Amino acid sequence: MKKGDHLFLVDGSGYIFRAYHALPPLTRKSDGLPVGAVAGFCNMLWKLLREARDTSVRDTPTHFAVIFDYSSHTFRKEIYPEYKANRSAPPEDLIPQFGLIRQATKAFNLPCIEMNGYEADDLIATYARMAEEAGAEVTIISSDKDLMQLVTPNVSMYDSMKDKQIGIPDVVEKWGVPPEKMIDLQALTGDSTDNVPGIPGIGPKTAAQLLEEFGDLDTLLARAGDIKQQKRRENIIEHAEQARISRQLVTLKKDTPVEVGLEEFGLEPQDGKKLIAFLKAMEFNALTRRAAEATGVDASSIAPAQLKIEAVAEAHGPDLDVEAGDFEPVEIKSPSAVSPTARSGMENFTATPADLVKSRTDEALAARFDRSAYVTIRDVATLQVWIDEAMTSGIIAFDTETNSPDPMQADVVGISLATRPGRAAYIPINHKSGDGDLLGGGLVERQIPEQEVFARLKPLLEDRSVLKIAHGMKYGWLIMHRHGIDLHPLDDTMLISYVLDAGEGSHSMDALCDRWLGHKPMAYKELIGSGKSSVTFDKVPIERAAEYAGEDADVTLRLWRLLKPRLAADSIASVYERLERPLIPVLARMEERGISVDRQILSRLSGDFAQTAAAIEDDIYKLAGERINIGSPKQMGDILFGKMGLPGGTKTKTGQWSTTAQLLEELAAEGHELPRKIVDWRQLTKLKSTYTDALPGYIHPRTRRVHTSYALAATSTGRLSSSEPNLQNIPVRTAEGRKIRTAFIAEPGNKLISADYSQIELRVLAHVAEIPQLTQAFADGIDIHAMTASEMFGVPVKDMPAEVRRRAKAINFGIIYGISAFGLANQLSIPREEAGQYIRTYFERFPGIRDYMESTKAFARQYGYVETIFGRRAHYPEIRSSNPQHRAFNERAAINAPIQGSAADIIRRAMVRMESALEEAKLSARMLLQVHDELIFETAEAEVEATIPVIRDVMENAAMPAVSLSVPLKVDARAAHNWDEAH
DNA sequence: GTGGTCTCCTA
DNA sequence: GTAGGAGACCACA
């Protein structure tokens, strides 16, 4: 480097944080990867480099480098351990951008400089000095005041966001001192963001005034006694040493032993292919175009880069090795063979997981578990040490141990924590001595009182800068909420696993631990025993409980370290961020609210059902000629098809007579009396045992309401499931069954509102398969099954026979289910040949549907998964099975999953937005239940009219803005005192 | 007591 | 033909 050269030094790390907060959030269109800061960074580089070729602009670079922080562990920590100790974890949607910005730097063919143990600022200071000594000009691209001490006549700064040059006069104007006194000024004022102490009570104005008067810090400290203001004098004398340490901290190191010399920074020509490959991968279309124009490269001939998206040191602390992944541009041989979307580059994407994931997998498998190392916290002082540790690290995994799997009933027995792999603790709270009398024995000694534990934990668990991690967070959230704690922000390893691997097996902690960490954790059963001899967790000895619970927290933390980076690497972070994580508190509140169920109505119905069933029972014994067990399909089949010799009997796969309702109905239609009676008896006993007898047992003793439990990670498609009790299968089909719904009621003065999507799955099908007739029919609001019938059979929609419409309806459902001639024939009770003919006719009329089904199958075969319109994946690892039946089953499931799953995603989006929408409209409606395409609310009677339009609006627009559907969504909503009338 | 099978309730 | 949960029966331990 020589006189006349001009070195540009970009403060990359500073830029990331500033851009993140200053620029509007932006995500990659195809998958929601957050890229706002990356976009700002690329635009800035583009602008700086474009001007480099523009000779009319004076300040053009000849040399260029982008400088990054390497890790949070630097020599300043040795001087002052608290330095930057207050820094919180970066926001979740910033983390993947650290790595991306390094890759952007490489894509622009610029040196990417970082160095272990030093901050970016020290490298910048060193390079600026070297360049200035060589006679060159330097421009530092940053507006950070920490760098202003470097400004000289030859070194200036440039604020790229405000497009403002910062020279000596600008520093004086802003801070009241010249650049060379900035160090002393900062030593006096300190810096709260970096935890530099300074002197209390002295801000920039006072500091500038003092330096003006005394000249420099040393003189000031030496003559502090001369200061007139008493308080200020005392402060300066008392904190003089603190100011000296602060000066050491803010002084940038100009002699960093840099490994890369200035000669390496000479500006190289742009590598158009590499730059375009990166910009295309980011989906920065405007910039891609401009880059193509400027470099003369045909953008369509370059494949989007297959990026390794990594979180780096700023996000995870000093223990993680950092390397920004590099890539080589790939030219497309026949551009037409590649789909225009960014997903075209996926083939290798799934086959080469990010190095970070690889290294973390290796790390996880190599790690050992040592249960004896876990700490038992039995006093407040120790508890506070762990809380402080978590506050500092910004991350904590926890697990709650209770005496019941029902979070609405459970008492907390203990809480375990983990702050890093292998470092875990257990707080016993309510352990009881097991050998007590019938009352169960007293509280074990030396446990911190429950109230004290929660009071201490509350500030940590509610701190925005500390990420709380649990496996199955909804349970923990509910437990904490019952203790007045609003848990946030949070991560759930079960849901991360679910988003990554739905369809690839269990997401239980034990299974994931075995699969990913190669370790079988202590079994719960081993601890509490089984059957009669089992005990509740509060009877487990604290020593054993600590090992078990500590391990759970430890495992959770390790799984998080391993799985979380895969979200970005697999580019489905937005599914987790928008469809899973925000739903945790929403569902938890729904469960907590419960729904009112009228015990009297159910009890009366039980009596009615029992009476009718008993009468039928007598008839059956007479018809059968013996008192067999009607509830036993085995015995019933022997009577019907053996003893009585009825025709049409088929065997199940275990060789027993099949006695399904459908078969019995057919026999009944032929005039056989017994099958009819059996069907009626089964219906009544089913309603009685599953609903009217079982539901009252779920009424909570305190709330007097029924609280179901929703599973977020139970289905392969993205649907929720409901259990204990399952409120997603309350009868509706028959008049008898519907009576059960009248027992689900609103509180006095309130109404239930039921709002359900009309034909949402067929609408999704019309959208994804792009079927013009379907899209048009939905736009026009026509009866979709009648339209289908009309297209297929040539019958006019007006005065269509019910049977014709019924068949079309069955076919429409069949399509959604991945139709087969066998299944359709079964459904319609017609010959398989006839069903096959229907399907052929359907495909002739709607060829787009066959194309959709074929391409979905092909996609699933190639990648092993399919995707919803929001990017959720459902995996079908066995779709390549050599067993034709098995394979066909997987194909049908793969065809169904994008449709069912997209509908599930839509209602999830509606649910995530619903509470704030109601709140904004100042409405008090509470969301209680979800039944796949229906939401149930309870609200004050007076607000019903105002509430329905708000609910409808949120639901009908739930896909926007992520996806603009080609068909409108329609929601029907009604209010009534009970669920039957509201539906 | 546990687990598999059959049946039936929902979207 | 898709996705679930649950009760009853029954063979096995």
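Just so you know, these numbers come straight off a predicted model, no measurement behind them. We name chains A, B, ... by the order of the sequence lines, and we start the count at 1 in each one.
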> Under 4.0 Å between a Lys/Arg side-chain N and an Asp/Glu carboxylate O for A/R676 and A/E673?
no
> Can you name the salt bridge (charged side-chain N to carboxylate O under 4.0 Å, His left out) partners of A/E854, sequence neighbours left out?
A/K857
> Of all of residues 725-732 of chain A, which get a heavy atom below 4.0 angstrom from DNA chain B, listed by number?
A/Q728, A/N729, A/I730, A/P731, A/V732
> For A/R719 and C/dT2, give me the distance from atom CZ to atom P, rounded to whole Å.
13 Å
> If you measure from the Lys or Arg side-chain nitrogens to the Asp or Glu carboxylate oxygens, is any gap between A/R908 and A/E580 under 4.0 Å?
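Yes, A/R908 and A/E580 are salt-bridged.
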> Considering only NZ, NE, NH1 and NH2 on the basic side and carboxylate oxygens on the acidic side, decide whether A/E981 and A/R974 come within less than 4.0 Å.
no
> Considering every strand and a 4.0 Å limit on heavy-atom distances, what is the contact class for A/Q827: base, sugar-phosphate, or nothing?
base
> Go through it in stages, so that I can follow the logic: the residues are A/E626 and A/K643, the test is salt bridge (Lys or Arg N to Asp or Glu O under 4.0 Å), and I'd like the CA-CA distance, side-chain angles, deciding distance and then a yes or no.
CA-CA 11 Å; A/E626 53 184 308; A/K643 186 175 165 190; 3.1 Å; yes
> Once salt bridge (charged side-chain N to carboxylate O under 4.0 Å, His left out) is applied, do any residues pair with A/K634, and if so which ones, sequence neighbours excluded?
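If we apply the salt bridge (charged side-chain N to carboxylate O under 4.0 Å, His left out) test to A/K634, skipping adjacent residues, there are no hits.
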> Could you tell me whether A/S820 contacts a base, only the sugar-phosphate backbone, or nothing, with contacts defined as non-hydrogen atoms closer than 4.0 Å?
base
> Take A/K686 and A/E736 through the salt bridge (Lys or Arg N to Asp or Glu O under 4.0 Å) test and state the conclusion after the steps.
CA-CA 11 Å; A/K686 167 80 179 177; A/E736 287 297 290; over 6 Å; no
> Just to be sure I understand the rule, does A/E724 reach a base, reach only the sugar-phosphate, or reach nothing, if contact means heavy atoms closer than 4.0 Å?
sugar-phosphate
> Would you indicate what A/R892 reaches in the nucleic acid, counting non-hydrogen atoms under 4.0 angstrom: base, sugar-phosphate, or nothing?
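Sugar-phosphate, backbone atoms only, no base.
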> Rounded to the Å, how far apart are A/N826 CG and C/dT2 C1'?
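Spelled out: CG on A/N826 to C1' on C/dT2 is 15 Å.
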> Can you sort out the partners of A/S533 under side chain to side chain contact (heavy atoms under 4.5 Å, CB included), two or more places apart, ordered by chain and number?
none
> Starting at atom CG of A/D638, determine the distance to atom C1' of C/dC9, rounded to an integer number of angstrom.
14 Å
> A/A661 near the nucleic acid: base, sugar-phosphate alone, or nothing, with a heavy-atom cut-off under 4.0 Å?
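A/A661: backbone/sugar contact only, no base atoms under 4.0 Å.
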> Do A/Y498 and A/Y576 have ring centroids that are under 6.0 Å from one another?
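Centroid separation for A/Y576 and A/Y498: 6.0 Å or greater.
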> Over how many whole Å does the gap from A/Y498 atom OH to C/dA3 atom C1' extend?
10 Å
> In whole angstrom, give the distance that lies between atom OH of A/Y710 and atom P of C/dG4.
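Going from A/Y710 (OH) to C/dG4 (P), I get 17 Å.
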> Taking any atom closer than 4.0 angstrom to a non-hydrogen atom of chain A, what span of DNA chain B does the protein reach, first nucleotide to last?
B/dT5 to B/dA11
> Tell me which residues in residues 810-818 of chain A put a heavy atom below 4.0 Å from DNA chain C, sorted by number, or none.
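Heavy-atom contacts with DNA chain C come from A/A810, A/G814, A/Y817.
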> Got a salt bridge between A/E591 and A/K474, using NZ or NE/NH1/NH2 to carboxylate O under 4.0 Å?
yes
> Please determine whether a side-chain nitrogen or oxygen atom of A/S632 lies at a distance below 4.0 Å from atom OP1 or OP2 of C/dC10.
yes
> Could you give the side-chain donor-acceptor pairs of residues 875-885 of chain A under 3.5 Å, partners two or more places apart or in another chain?
{"residue": "A/H875", "atom": "ND1", "partner": "A/E504", "partner atom": "OE2", "Å": "3.4"}
{"residue": "A/H875", "atom": "NE2", "partner": "A/L500", "partner atom": "O", "Å": "2.9"}
{"residue": "A/Y876", "atom": "OH", "partner": "A/A893", "partner atom": "O", "Å": "3.4"}
{"residue": "A/E878", "atom": "OE1", "partner": "A/H886", "partner atom": "NE2", "Å": "3.0"}
{"residue": "A/R880", "atom": "NE", "partner": "A/R861", "partner atom": "O", "Å": "2.7"}
{"residue": "A/R880", "atom": "NH2", "partner": "A/R861", "partner atom": "O", "Å": "2.5"}
{"residue": "A/R880", "atom": "NH2", "partner": "A/Q862", "partner atom": "O", "Å": "3.1"}
{"residue": "A/S881", "atom": "OG", "partner": "A/N883", "partner atom": "N", "Å": "3.1"}
{"residue": "A/N883", "atom": "OD1", "partner": "A/Q885", "partner atom": "N", "Å": "3.0"}
{"residue": "A/N883", "atom": "OD1", "partner": "A/H886", "partner atom": "N", "Å": "3.3"}

> Taking atom C1' of C/dG4 as reference, at what distance in whole Å does atom CD of A/E934 sit?
16 Å
> With sugar-phosphate meaning primed atoms plus P, OP1 and OP2, does A/A714 contact a base, only sugar-phosphate, or nothing at under 4.0 Å between heavy atoms?
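Sugar-phosphate, backbone atoms only, no base.
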> Give, for atom CE of A/M787 and atom CE of A/M792, the distance between the pair rounded to the nearest 0.5 Å.
11.5 Å
> Select base, sugar-phosphate, or nothing to describe what A/N629 touches, counting heavy atoms under 4.0 Å on all strands.
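Sugar-phosphate contact only.
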> Which nucleotide, C/dA3, C/dA6, C/dG4, lies nearest any side-chain atom of A/N896?
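So the nucleotide nearest the side chain must be C/dA3.
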> Under the rule for side chain to side chain contact (heavy atoms under 4.5 Å, CB included), what residues qualify as partners of A/H932, not counting sequence neighbours?
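For A/H932, the residues satisfying side chain to side chain contact (heavy atoms under 4.5 Å, CB included) (neighbours in sequence not counted) are A/R719, A/Q728, A/Q930.
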> Taking only the side-chain nitrogens and oxygens of A/T654, find out if one of them lies under 4.0 Å from OP1 or OP2 of C/dC10.
no
> How far does CG of A/L674 sit from CD1 of A/I620, to the nearest 0.5 angstrom?
6.5 Å
> Is a donor from one side chain sitting under 3.5 angstrom from an acceptor on the other, for A/T742 and A/D980?
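Distance-only check fails for A/T742 and A/D980.
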> Is a side-chain donor-acceptor pair under 3.5 Å present for A/T708 with A/S722?
yes
> Between A/D972 and A/S758, is any side-chain donor less than 3.5 angstrom from a side-chain acceptor?
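No, A/S758 and A/D972 have no side-chain donor paired with an acceptor closer than 3.5 Å.
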> For nucleotides 11-13 of chain C, tabulate all protein N/O to nucleotide N/O atom pairs closer than 3.5 Å, reporting atom names and distance.
none

> Within the 3.5 Å criterion, strictly below it, is a donor on A/Q900 or A/T717 matched to an acceptor on the partner's side chain?
yes
> State, without any angle test, whether A/Y838 and A/R807 hold a side-chain donor-acceptor pair at a distance under 3.5 Å.
yes
> Over how many whole Å does the gap from A/L765 atom CG to C/dT2 atom P extend?
16 Å
> Under a 4.0 Å heavy-atom cut-off, which of residues 828-841 of chain A touch DNA chain C?
none
> Which residues within residues 681-698 of chain A lie with some heavy atom under 4.0 Å of an atom in DNA chain C?
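Contacting residues: A/K686, A/S689, A/T690.
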> List for me each residue that meets side chain to side chain contact (heavy atoms under 4.5 Å, CB included) alongside A/P898, sequence neighbours excluded, and say none if there are none.
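Only A/Y852, A/T856, A/V866 meet the side chain to side chain contact (heavy atoms under 4.5 Å, CB included) criterion with A/P898.
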